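Below is one structure; the comments refer to it alone.
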Amino acid sequence: MAEETKKRVVVVGAGVIGASIAFELQRRGLAVTLVDKGEPGRGTSFGNMASIALDFVAGSGPSTWKKMPGWLLDPEGPVWLRPSYAAKMLPWFLRFLAAGRPSRLRAIEDAGMSLSQRALGDFRQMLGAIGAPELMTEEGCLAIYETEAEFAADRGHLAMMQRYGLEFEVLSNGAIQSYEPALSPSIAKAVLLPDNKSIRDPYQLVVKLAEAAKAAGAAFVSGMVRNIERNGDGTAVVLLEDSSRIEADSVVLAAGVHTRFLAEKLGEPIPLETERGYHTQIMKPGISMRYSIIWPARAFMVTPTAGGIRVGGNVELAGLDAAPDFRRPRVLVRHAQRALPGLKLEEATDWMGHRPALPDTIPIISPSSKMPGVFYATGHGHLGLTYAATTARLIGDMVTGLKPPLDITPFRMDRY
């Protein structure tokens, strides 16, 4: 395609979603400009748990409602709401409860799994296209249960995986340590999830995606996007805080939770909140791990990644501006040491990031309902890494006018 005839696309946000989209659009022959206030991969994508998690779980539902009061009252529980932010969370929380109605829950699971069932294949294709297949491990994930009661409480999740054809294997105490010797003998049950892969370094993944996009001709602009306006000829103008302007035929908004501010300016507010997540990266852990592990009852993960072992998870509801509370990751490390008795805390760093969360747990992957040529890719919650390649494929089809390979109706912008 001649340079002067290429369709110009601005992608706002250089996390794993935005970088994946920029690469996908550039390799389809479009002229891409990737815009972010910081370097690619330095935001929330820097600290994710490096997991390609195919076992989608709807956030709300009767089982969650029963647990929520106890979680909120437990200072070491998996969900922590700062009292000063409670009033601001109320409208979002009411929508969260509504999304968990049994009549709605199956449709949400169908939508989430429609993405999950494509995720691994799309991810492998993307890694192959950037020449970095080695960034994905071939080992799976172990979900662990300290007691038979914990395992019984998760049977609904296992039944859902069976319903959608996900592979798993239940391991009893005697077999667990043969898979992961570092695990405590006190772990009563584990479930091997062979297709839940890990990324060896999620930050390097975003860097390589951005570099591959640039090598194919994409440009990178450092700056904060202030607004998007429409020209008389139907093209768009992306306005930056420094008053510079970028002309485009299409704009993709993939700036995580910050997307909500641009959506408001376009007249289509979305209930996008931040679920703050923490991790501790341990570079001298004193153990080695083959598999990532997840402890469903305590809602955290431990993943060998980025040259060490990363412990992270949980949800803190406190908004964008509150200072981090680094007592939270210390709780997770204590839980991890219960499961992995040999785990040491040496050369460790703590981190906090902002997961973009929607009340119904499934993302927005959609054209704008207000401005032609604008597209949204946000609200992926805990599954931004998992859904990155599939989201890029879907946005690529939308921008270029092709029919996406799955029904995108559940992910539309105006569903709220």
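Basis for what follows: all heavy atoms, side chains included, without hydrogens, waters or symmetry-related copies. Since the model is a prediction, treat every value here as computed from it, not as a measurement. Residue indices begin at 1 and follow the sequence shown.
Contact check for I130 versus F23: side-chain heavy atoms found under the 4.5 Å cut-off. Side-chain contact between V32 and V11 is present, with heavy atoms from C-beta onward closer than 4.5 Å. Counting heavy atoms from C-beta on, the side chains of I246 and L239 never come closer than 4.5 Å. The closest side-chain heavy-atom distance from R328 to L332 is not below 4.5 Å. Taking the side chain as every heavy atom from C-beta outward, I287 and K344 never approach each other to under 4.5 Å. Looking at H335 and V311, their side chains never come closer than 4.5 Å, going by heavy atoms from C-beta outward. Taking the side chain as every heavy atom from C-beta outward, V35 and V238 never approach each other to under 4.5 Å. L266 has its side chain within reach of Y376: a pair of non-hydrogen atoms, C-beta onward, lies under 4.5 Å apart.
One finds the CG atom of L317 at 4.5 Å from the CE atom of M89 (value rounded to the nearest 0.5 Å). For the atom pair NZ (K197) and SG (C141), the distance works out to 11.0 Å, reported to the nearest 0.5 Å. Here I395 contributes atom CD1 and L25 contributes atom CG; the two are 8.0 Å apart, rounded to the nearest 0.5 Å. Atoms OG1 and NE2, from T390 and H380 in turn, are 9.0 Å apart once rounded to the nearest 0.5 Å. Note that CD of E76 and CZ of R327 are 10.5 Å apart. Values are rounded to the nearest 0.5 Å. We find the CG-CZ distance between L120 and R124 to be 4.0 Å, quoted to the nearest 0.5 Å.
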I'd like to know whether I108 forms a side-chain contact (heavy atoms from CB on, under 4.5 Å) with F56, so could you lay out the CA-CA distance, the side-chain angles of the two residues, the decisive distance to 0.1 Å, and finally the verdict. CA-CA 10 Å; I108 289 173; F56 171 82; 4.0 Å; yes
So L115 and L394, side-chain contact (heavy atoms from CB on, under 4.5 Å) or not? Walk me through it. CA-CA 10 Å; L115 296 175; L394 296 174; 3.9 Å; yes
Would R298 and R338 count as a side-chain contact (heavy atoms from CB on, under 4.5 Å) if you check the C-alpha gap in whole Å, the side-chain angles of each, and the deciding distance to 0.1 Å? CA-CA 11 Å; R298 297 183 183 270; R338 185 181 181 102; 4.0 Å; yes
I'd like to know whether K370 forms a salt bridge (charged side-chain N to carboxylate O under 4.0 Å, His left out) with D414, so could you lay out the CA-CA distance, the side-chain angles of the two residues, the decisive distance to 0.1 Å, and finally the verdict. CA-CA 9 Å; K370 297 287 187 180; D414 59 353; over 6 Å; no
Checking D110 against R106 for the salt bridge (charged side-chain N to carboxylate O under 4.0 Å, His left out) test, could you report, in this order, the C-alpha distance in whole Å, the side-chain angles of both residues, the deciding distance, and whether it holds? CA-CA 6 Å; D110 287 346; R106 178 59 68 89; 5.1 Å; no
So Y387 and S116, side-chain hydrogen bond (donor to acceptor under 3.5 Å, both in side chains) or not? Walk me through it. CA-CA 7 Å; Y387 291 160; S116 292; 3.0 Å; yes
Take T378 and L272, measure what side-chain contact (heavy atoms from CB on, under 4.5 Å) needs, and give me the verdict at the end. CA-CA 9 Å; T378 190; L272 193 57; 3.5 Å; yes
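Listed for the K88 side chain is no donor-acceptor partner under 3.5 Å among the backbone atoms of A318. Between the S45 side chain and the L385 main chain, no donor and acceptor come within less than 3.5 Å of each other. Between the side chain of Q281 and the main chain of T305, a donor-acceptor pair closer than 3.5 Å is present. Under the 3.5 Å distance criterion, the side-chain polar atoms of E150 are matched with a main-chain donor or acceptor of E146. For N173 (side chain) and P185 (main-chain N/O), a donor-acceptor pair under 3.5 Å exists by modelled atom type. In terms of modelled atom types and a separation under 3.5 Å, the side chain of S244 and the main chain of L240 share no donor-acceptor contact. No side-chain donor-acceptor contact under 3.5 Å links D36 to the backbone of E39. Side-chain N or O atoms of W92 include one that pairs as donor or acceptor with a backbone N or O of P271 at under 3.5 Å. Using modelled atom types, one side-chain atom of T137 and one backbone atom of S198 make a donor-acceptor pair closer than 3.5 Å. No donor-acceptor pair closer than 3.5 Å links the side chain of E109 to the backbone N or O of V57.
Taking all atoms of both residues into account, the shortest heavy-atom contact from R82 to P324 is NH2-C, 3.8 Å. Between G59 and T361, the closest heavy-atom pair is N-OG1, 2.9 Å. Contact detail for R101 and W65: the closest heavy-atom pair is N-CZ2, 4.0 Å. Scanning both residues, L209 and S20, for their nearest heavy atoms gives CD1-OG, 3.4 Å. Heavy atoms only, all atoms of each residue included: Y416 and P359 are closest at OH-CD, 3.7 Å. A pairwise comparison of heavy atoms in L135 and L205 identifies CD1-CA, 3.9 Å as the closest pair.
More than 12 heavy-atom neighbours from other residues, nucleotides or ligands sit within 6.0 angstrom of CZ on R415. Residue-environment remark: CZ (R8) exceeds the threshold of 12 foreign heavy atoms within 6.0 Å. No more than 12 heavy atoms of other residues, nucleotides or ligands lie within 6.0 Å of NZ in K37, so this atom counts as exposed by the packing criterion. Surrounding CE of M224 are at most 12 heavy atoms belonging to other residues, nucleotides or ligands under 6.0 Å away. Annotation for E167: atom CD does not count as buried by contact number, only 12 or fewer foreign heavy atoms lying within 6.0 Å. Taking a 6.0 Å sphere around CG of D407, one finds it holds more than 12 heavy atoms contributed by other residues, nucleotides or ligands.
With 3.5 Å as the limit, one finds a donor-acceptor pair spanning the side chains of E316 and Y278. In this model, a donor atom of one side chain and an acceptor atom of the other lie less than 3.5 Å apart for E268 and S368. Between the side chains of H382 and E275, at least one donor-acceptor pair of N or O atoms lies under 3.5 Å.
Here R330 pairs with D350 in a salt bridge; the nearest charged N to carboxylate O distance falls below 4.0 Å. Between R200 and E139 no salt bridge is recorded (no basic side-chain N to carboxylate O distance below 4.0 Å). The pair R28-E24 counts as a salt bridge, with a side-chain nitrogen and a carboxylate oxygen less than 4.0 angstrom apart. Salt-bridge check for E148 with K189: passed, with a basic side-chain N closer than 4.0 Å to an acidic carboxylate O.
Partners of T274 under the side-chain hydrogen bond (donor to acceptor under 3.5 Å, both in side chains) rule, at least two apart in sequence or in another chain, are H354. Every residue two or more places apart in sequence or in another chain was checked for a ring pair (Phe, Tyr, Trp, His ring centres under 6.0 Å) with F220, and none qualifies.
Classified by interplanar angle (parallel below 30°, tilted 30° to 60°, perpendicular above 60°), the ring pair F151/Y145 is perpendicular. Classified by interplanar angle (parallel below 30°, tilted 30° to 60°, perpendicular above 60°), the ring pair F261/H258 is tilted. Note: W295 and F300 have tilted aromatic rings, judged against thresholds of 30 and 60 degrees for the angle between ring planes.
Judged by the 6.0 Å and 45° rule, R290 forms no cation-pi pair with Y179.
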